[in-house]
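In what follows, every chain begins at residue 1, and chains take the letters A, B, ... in the order their sequences are listed. All values below come from the heavy atoms of this structure, side chains included, with hydrogens, waters and symmetry mates left out.
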Amino acid sequence: MKKLIARVKQRRKNWEVCLRNMDLKRKKAFTKLLLEWHRNENHRVMPWKGIRDPYRIWLAETILQQTRVEQGWAYYERFVQAFPTLADLAVAPEEHIFRLWQGLGYYNRCRNLLHTARELVSHHGGLFPRSYEQLLTLKGIGPYTAAAIASFAFDLPHAVVDGNVLRVLSRYFGWEQPIDTSEGKRLYSSLANELISRESPGAYNQAIMDLGATICRPRVPLCGQCPLARCCKAFEQGKAEQLPVKVSRRTIRQRYFHYLVIWYEDRIVLQRRENKDIWRGLYEFPLLEADAPGGAELLHHAAWKNLLPDEDWILKSISDRQQQLTHQRIYARFFAVETSRPPAVLAHQILVHRHQLTLYAFPGIIIQYLRDGQGRLF
DNA sequence: AACGCGGGGCT
DNA sequence: AGCCCAGCGTT
């Protein structure tokens, strides 16, 4: 067994050595052509581009994790306006930050943002550490973000590896190694760190991502305009659109949410999602989840006994909404109820006036519901 | 190594 | 309907 593992390791090593030597000319050309294009023809403009302040770089990169530039743009500008410095962010109330993040998704990013801001202020003198390894230890900062801060703010030669980079490298070098495995990540990352310009790491990192976003696009790459096409293996073999290779496919889970929208005069009951699940930290109505859609009989469910005791309430409407997430499809049914007695809220629930609803952050499906007039708001 | 985590735009 | 996006943390 040990022998076998040793042999696999040796073979992997040989493969890497082979790759390293194989494309020497191609590699040299890559960095040179990329930087030339960046200097002369890259006209992409974004509010965070060229910034050296590690705080704003961190903010931008965090917002942009798995998020399209166009989508994150306005969020970044609102955050910079509300929290111009790290110190401003560190003292902000969590509710305020979540409200600004509302609608952006992946809410753990938001939680980690605040956590790390406070960590930096209380344990690092309000300064970002100036090394890649130190940056990596901070919550919410992984290999990509650490490399971005290290290179853009501190001129350190650490290559960013994001979706753009993986695509550009896979195509340029014609690698069919899948990009979504540990093995693949290791190989592409090591290649990227070989290629990065030692003189201007920040410019190199910016350039490769801009090229991936504007020319070497996921679908319909603009090889005709690409400055690297003449050295690009995928272009040479006419398989740019077939790369990069991915192996993983995920199944989509279906979930059925039943929300109790209980109005008492102009107030409504809300609760905050706390479990390890989607939308943690956002607010919603009292919820019953089931394996299938349920009817009005749910109003007599034990979990809602405190809010709907006997006959002091009336059902006003039932309405359905859907929300498609990347890995889940949410079917939500809203039961709107009016009550004449103040509901007995549990410890985790709050009674909020409708004019105060804008103070809370909600999942998209709740926003949908409130906006449609069913909730008398937005 | 595999999985969970959003929301939106594009084909 | 499926894919992808300036990824990261947990198990």
Mind calculating the distance between [atom1] ([X]) and [atom2] ([N]) to the nearest angstrom?
X: A:Asp277; N: C:dT11; atom1: CG; atom2: P; result: 14 Å
X: A:Arg371; N: B:dG7; atom1: CZ; atom2: P; result: 12 Å
X: A:Ile365; N: B:dG8; atom1: CD1; atom2: P; result: 12 Å
X: A:Lys185; N: C:dG9; atom1: NZ; atom2: P; result: 14 Å
X: A:Ile141; N: C:dA6; atom1: CD1; atom2: C1'; result: 14 Å
X: A:Arg329; N: C:dG2; atom1: CZ; atom2: C1'; result: 13 Å
X: A:Ile330; N: B:dG4; atom1: CD1; atom2: C1'; result: 13 Å
X: A:Leu135; N: C:dC8; atom1: CG; atom2: P; result: 12 Å

Please determine if [X] and [Y] form a salt bridge, counting it only when a charged side-chain N lies under 4.0 Å from a carboxylate O.
X: A:Glu236; Y: A:Lys233; answer: no
X: A:Glu94; Y: A:Arg118; answer: no
X: A:Glu194; Y: A:Lys27; answer: yes

Can you confirm whether the side chains of A:Gln206 and A:Asp210 place a donor and an acceptor under 3.5 Å from each other?
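Note: A:Gln206 and A:Asp210 side chains meet the donor-acceptor criterion.
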Can you check the distance between [N] and [M], where both ends of the measurement are the [atom1] atom (answer in whole Å)?
N: B:dC5; M: C:dC5; atom1: C1'; result: 14 Å
N: B:dG6; M: C:dC4; atom1: C1'; result: 13 Å
N: C:dC8; M: B:dG8; atom1: P; result: 22 Å

For A:Trp48, run the ring-ring contact (aromatic ring centres under 6.0 Å, His included) check against A:Tyr55, A:Tyr75, A:Tyr76 and tell me which one passes.
A:Tyr76
Hey, can you pull the residues of [range] with a non-hydrogen atom under 4.0 angstrom from DNA chain C?
range: residues 107-122 of chain A; answer: A:Asn112
range: residues 143-154 of chain A; answer: A:Pro143, A:Tyr144, A:Thr145
range: residues 41-53 of chain A; answer: A:Arg44, A:Met46, A:Trp48

Could you tell me whether a side-chain N or O of [X] sits under 3.5 Å from a main-chain N or O of [Y], the two making a donor and an acceptor?
X: A:Arg230; Y: A:Leu228; answer: no
X: A:Arg171; Y: A:Ala240; answer: yes
X: A:Asp266; Y: A:His353; answer: no
X: A:Arg272; Y: A:His348; answer: no
X: A:Gln134; Y: A:Pro129; answer: no

Would A:Arg99 and A:Glu95 count as a salt bridge (Lys or Arg N to Asp or Glu O under 4.0 Å) if you check the C-alpha gap in whole Å, the side-chain angles of each, and the deciding distance to 0.1 Å?
CA-CA 6 Å; A:Arg99 182 67 194 183; A:Glu95 301 296 336; over 6 Å; no
Using a 4.0 Å heavy-atom cut-off across all strands, classify A:Ile179 as base, sugar-phosphate, or nothing.
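Result for A:Ile179 = nothing.
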Categorize A:Gly103 for me: base, sugar-phosphate, or nothing, with a 4.0 angstrom heavy-atom threshold over every strand shown.
sugar-phosphate
Geometric class of the A:Tyr188/A:Trp175 ring pair [parallel <30°, tilted 30-60°, perpendicular >60°]
tilted
Nearest-nucleotide comparison on DNA chain C, the residue closer to the 5′ end among A:Leu136 and A:Asn164:
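Final value for this comparison: A:Asn164.
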Comparing A:Leu138 and A:Ala213 on DNA chain C - which has the more 5′ nearest nucleotide
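Final value for this comparison: A:Ala213.
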Does B:dG7 have OP1 or OP2 sitting under 4.0 Å from an N or O in the side chain of A:Trp279?
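Looking at the OP1 and OP2 atoms of B:dG7, one of them is under 4.0 Å from a side-chain N or O of A:Trp279.
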Taken in chain and number order and not counting sequence neighbours, the residues that satisfy side-chain hydrogen bond (donor to acceptor under 3.5 Å, both in side chains) with A:Asn193 are none
Could you say whether A:Arg280 or A:Val220 is positioned toward the 5' end of DNA chain B, judged by the nucleotide with the nearest heavy atom to each?
A:Arg280
Toward the 5' end of DNA chain B, which comes first, A:Arg217 or A:Gly364, by nearest nucleotide?
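Closer to the 5' end of DNA chain B: A:Gly364.
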My understanding is that only residues two or more places apart in sequence, or in another chain, count here; which of them pass ring pair (Phe, Tyr, Trp, His ring centres under 6.0 Å) with A:His158?
A:Tyr132
Between B:dC10, B:dG6, C:dG9, which nucleotide has the shortest distance from any of its atoms to the side chain of A:Arg219?
B:dC10
Selection from C:dG9, C:dA6, B:dG7 that lies nearest to any side-chain heavy atom of A:Lys139:
C:dG9
For DNA chain B, which residues of residues 59-75 of chain A approach it to below 4.0 angstrom with any heavy atom?
A:Gln66, A:Thr67, A:Arg68, A:Gln71
Checking salt bridge (Lys or Arg N to Asp or Glu O under 4.0 Å) for the pair A:Glu36/A:Arg39: CA distance, chi angles, key distance, verdict?
CA-CA 5 Å; A:Glu36 276 173 16; A:Arg39 274 196 301 272; 5.1 Å; no
